[in-house]
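Lettering follows sequence order; numbering is per chain, from 1.
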Amino acid sequence: MIRLENLTKHFEMPGKEPVIAANNVSMEVGKGEICIFLGPSGCGKTTALKMINKLIPKTSGKIYIDNKDTDNIDPIALRREIGYVIQQIGLFPNLTIEANICVVPDLLKMDKQQSRKKARELMEMVNLDPNIFLKRYPRELSGGQQQRIGVIRALAADPPVMLMDEPFGAIDPINREVIQDEFLKMNAELGKTVLFVSHDIDEAVKMGDQIAIFREGILEQCDTPDEILANPANNFVKEFVGSDRALKRLKLIPVSEAILPFRMAVNPDDPLGKVADKMRSREAHIAVMVGPRGRARGYITKEEINSDQSGVVSDYSDPLPGTIHENDNLHDAVSQMYSHATDWMPVVDDDGAYKGYITQHIIASLLGEAPRKRGDRIT
Amino acid sequence: MPYIIEIINRSKTLLMYGLMALTFLFGVFSESSGLIKEFMDTYEDWIYLLKQNTIIVFASGLTASFLGICAGILMTRTWFKRYAEAFAQSFNILSAVPTLAILTIIMTLTGLGFKSAFIGLVTVTILPVVRNTYQGISEVPEHMIEAASGQGMTGQQILWKVQFPNALYVISAGIRTGFALNVGTSPLITLIAADSLGEYIFTGIQLNDFNSLLIGSLSVAALAIGTDFILSKLQFWLLPKGVNPQRFVQE
Ligand SMILES: Nc1ncnc2c1ncn2[C@@H]1O[C@H](COP(=O)(O)OP(=O)(O)OP(=O)(O)O)[C@@H](O)[C@H]1O
Ligand SMILES: [Mg+2]
């Protein structure tokens with residue numbers, strides 16, 4: 001847990017007004033949570049971060065880590081307990097990648113064999129082959145590869161707290177997505193408290209349990225991503241998150257939360273009359289034809305049934321417009337709907353079994369609602 | 001960096017051609033002038049002087065490298081920062097003083113002989129070593145130091161694990177320059193009564209004996225080339241690969 005209380009930093013400029021890089025910042029990040037520091041260049045994100053590991057002395061205020069006042073902790077000991085990813089990467093050119101990763105474990109005199117083994121695991125986690133890269137030197141890696149090493153170096157001694165200053169800035173979009181996912185997965189397991197600087201709102205929405213938005217040293221809003229997107233505290237935040245903030249919220253909601261409460265699954269040999277009754281009672285427009293192993297095979301609409309009710313479902317079914325996985329988010333779902341020119345989509349699970357369907361209508365009504373806490377289910 | 005390597009490579013081939021031409025001319029010339037005969041006559045002296053010369057070059061050069069690195073490191077310490085620039089400047093001024101003057105001044109303090117010569121050569125060699133050490137360490141980028149202290153290194157650890165290793169290439173270049181100056185200066189120590197190959201040169205000048213002069217200068221030239229060759233090999237093999245531009249360009 002990290003708590004900042006009235007944290008303030010004035011950079012004294014001889015003969016000029018001091019620069020106020022942090023102005024009475026107070027906030028709290030719970031254990032295992034990821035908090036994203038977001039804001040335009042020069043707003044004080046890096047400064048706030050560096051005050052926590054005492055690379056920059058604070059002017060006033062208090063910093064608590066796990067309820068311990070960091071004023072009373074020796075800076076060297078404190079820094080070894082905090083993983084730090086620096087904005088400029090900062091690998092040591094004289095050391096191999098392996099030695100770079102193991103800097104803090106070696107400083108802490110941890111078992112060498114164990115730390116080297118850990119280094120291998122971490123390399124694999126960020127998609128770099130340890131057999132190829134461990135014995136190389138930093139300048140033999142691309143910028144993005146170096147940045148990934150910069151991240152795992154901070155993880156090597158398994159610190160409970162991580163400070164990460166734009167850790168994924170130099171990585172291409174595809175690998176960035178992969179690493180963001182890996183990092184989220186890993187942190188769900190390891191439960192580290194992470195402060196993460198970014199100036200990419202999409203990254204913040206994706207990674208953060210909390211987002212802290214700064215402007216000129218002032219903390220403008222600190223809230224969950226959903227709350228920030230749904231209820232920006234002021235015009236600055238509103239403009240910063242962008243006019244498409246409603247669409248960004250889509251990324252926060254998994255498909256499974258928007259599935260209609262009725263599945264409307266029918267068998268291929270069900271008589272149309274029975275299906276029509278079922279649809280009428282649910283006020284549904286669509287029924288999905290499901291095969292013997294639970295897979296969606298096709299669909300049938302209310303209009304088709306109305307014209308003729310004598311046959312069975314399979315005579316009239318149309319091919320599906322595609323499917324969407326229940327763990328995908330609504331942003332994926334909507335873009336699939338647009339690319340297939342449809343206003344609904346069947347949802348499937350890992351085995352391809354049909355779970356129910358979503359419609360554009362329900363998505364729109366979800367977005368219209370007040371922001372929800374993560375995990376709330378729509379019923 | 002690549003163009004530096006390019007220059008080194010080119011100068012290597014130039015050197016090769018030069019040496020070949022020189023050997024040829026030398027053969028023709030030495031036959032006609034009795035150079036070989038004179039060389040054989042003074043062979044034992046030559047061996048002795050070469051040995052003395054080599055000893056004093058390496059002894060003073062290594063001492064100067066060690067002291068120079070220490071001084072250069074001290075200059076980068078925070079408590080010394082205020083004076084460091086002034087120091088660097090005075091070192092620069094000192095290196096503008098003619099070496100003969102330096103030798104003479106030292107001689108007036110410590111008298112004739114090996115001791116003065118040794119101190120004089122140390123003084124000549126130390127200047128580029130100090131300058132390069134100071135510069136090399138100061139030029140390690142700020143963010144690298146920040147990464148080091150952010151990971152919990154102490155000041156000493158930052159110096160020995162980050163700053164010093166990353167300055168090694170610049171420092172070693174300073175040592176090579178220092179040794180080159182050292183060998184170049186070493187004939188002069190004959191003037192303050194220390195043994196060196198300079199004896200051939202100055203005898204040659206005094207007696208108008210061209211062959212003696214030639215033996216002296218060629219020997220000094222060979223010593224200079226040999227020393228730099230050894231140092232360049234040491235530089236290539238001793239410096240860790242990550243900070244050794246010669247190696248990461250090649251591989
Ligand atoms: N050492 C310093 N001396 C004086 N002013 C400084 C110093 N370091 C930072 N500042 C000023 O403090 C403010 C905040 O800087 P900071 O580096 O925290 O910005 P940032 O939010 O990290 O920006 P970026 O996104 O560009 O990295 C800036 O106005 C900067 O000019
Ligand atoms: Mg910054």
Side-chain angles (χ1 to χ4, degrees), chain A residues 46 49-56 73-109 135-141 146-147 149-151 153-157 159 161-166, chain B residues 1-5 69 72-73 76 78 82 132-133 135-173 234-251:
Chain A
T46 299
L49 211 61
K50 285 190 196 166
M51 281 192 280
I52 294 171
N53 64 4
K54 299 194 186 182
L55 284 176
I56 294 179
I73 305 176
D74 167 59
I76 301 287
L78 179 74
R79 290 172 193 153
R80 291 178 185 178
E81 288 286 300
I82 298 178
Y84 180 45
V85 183
I86 176 174
Q87 192 168 5
Q88 301 89 339
I89 308 179
L91 299 182
F92 305 134
N94 55 311
L95 301 179
T96 59
I97 296 304
E98 183 174 51
N100 262 292
I101 296 174
C102 296
V103 163
V104 182
D106 288 352
L107 285 175
L108 292 168
K109 308 223 157 39
K135 295 297 171 201
R136 286 204 189 172
Y137 286 87
R139 70 179 88 237
E140 297 168 317
L141 269 61
Q146 289 186 28
Q147 199 163 41
I149 302 298
V151 173
R153 157 172 89 171
L155 286 165
V161 173
M162 298 271 290
L163 307 177
M164 307 172 81
D165 201 344
E166 302 199 21
Chain B
M1 278 307 173
Y3 68 92
I4 293 179
I5 306 294
I69 290 172
I73 288 174
T76 61
T78 15
R82 289 196 286 161
N132 280 30
T133 306
Q135 215 170 26
I137 291 181
S138 311
E139 278 169 5
V140 171
E142 195 55 42
H143 70 256
M144 210 137 46
I145 310 221
E146 194 192 301
S149 57
Q151 291 182 92
M153 286 193 189
T154 62
Q156 285 292 308
Q157 285 165 334
I158 293 175
L159 172 63
W160 294 113
K161 289 176 197 281
V162 180
Q163 291 176 297
F164 186 67
N166 285 297
L168 269 179
Y169 190 74
V170 180
I171 295 175
S172 68
L234 286 177
Q235 189 183 34
F236 186 89
W237 292 113
L238 288 186
L239 294 198
K241 201 177 148 213
V243 294
N244 194 340
Q246 290 175 352
R247 284 170 76 179
F248 52 70
V249 170
Q250 281 196 351
E251 282 165 31

* **side chain to side chain contact (heavy atoms under 4.5 Å, CB included) evaluation trace for B/K161 with A/L95** => CA-CA 9 Å; B/K161 289 176 197 281; A/L95 301 179; over 6 Å; no
Top contributor to chain B interface from [options] [non-hydrogen pairs under 4.5 Å]:
{"options": "A/V85, A/L78, A/N53, A/I86", "result": "A/I86"}
{"options": "A/G90, A/A154, A/P93", "result": "A/P93"}
{"options": "A/I89, A/V103, A/L108", "result": "A/V103"}

* Can you tell which part of A/R139 gets under 4.5 Å to a heavy atom of chain B, answering side chain, backbone, both or neither? =>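 Side chain of A/R139 only, per the 4.5 Å heavy-atom cut-off to chain B.
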* Residue A/L55 versus chain B: region with a heavy atom under 4.5 Å ->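 A/L55 touches chain B through side-chain heavy atoms alone.
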* In Å, rounded to the nearest 0.5 Å, how long is the span from NE2 of B/H143 to CG of A/L91? -> 8.5 Å
* Asked: If you tally heavy-atom pairs under 4.5 Å against chain A, which of B/P141, B/G150, B/A147, B/S149 wins?
  ->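 Answer, by heavy-atom pair count under 4.5 Å with chain A: B/G150.
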* **Option that, when pairs with chain A are counted at under 4.5 Å, heavy atom only, ranks first among B/Q151, B/Q157, B/M153** =>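 With the most close heavy-atom pairs to chain A, the winner is B/Q151.
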* **Passing candidate, side chain to side chain donor-acceptor pair (under 3.5 Å) with B/E146, options A/Q87, A/K50, A/Q88** =>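 One option only clears the test, and that one is A/K50.
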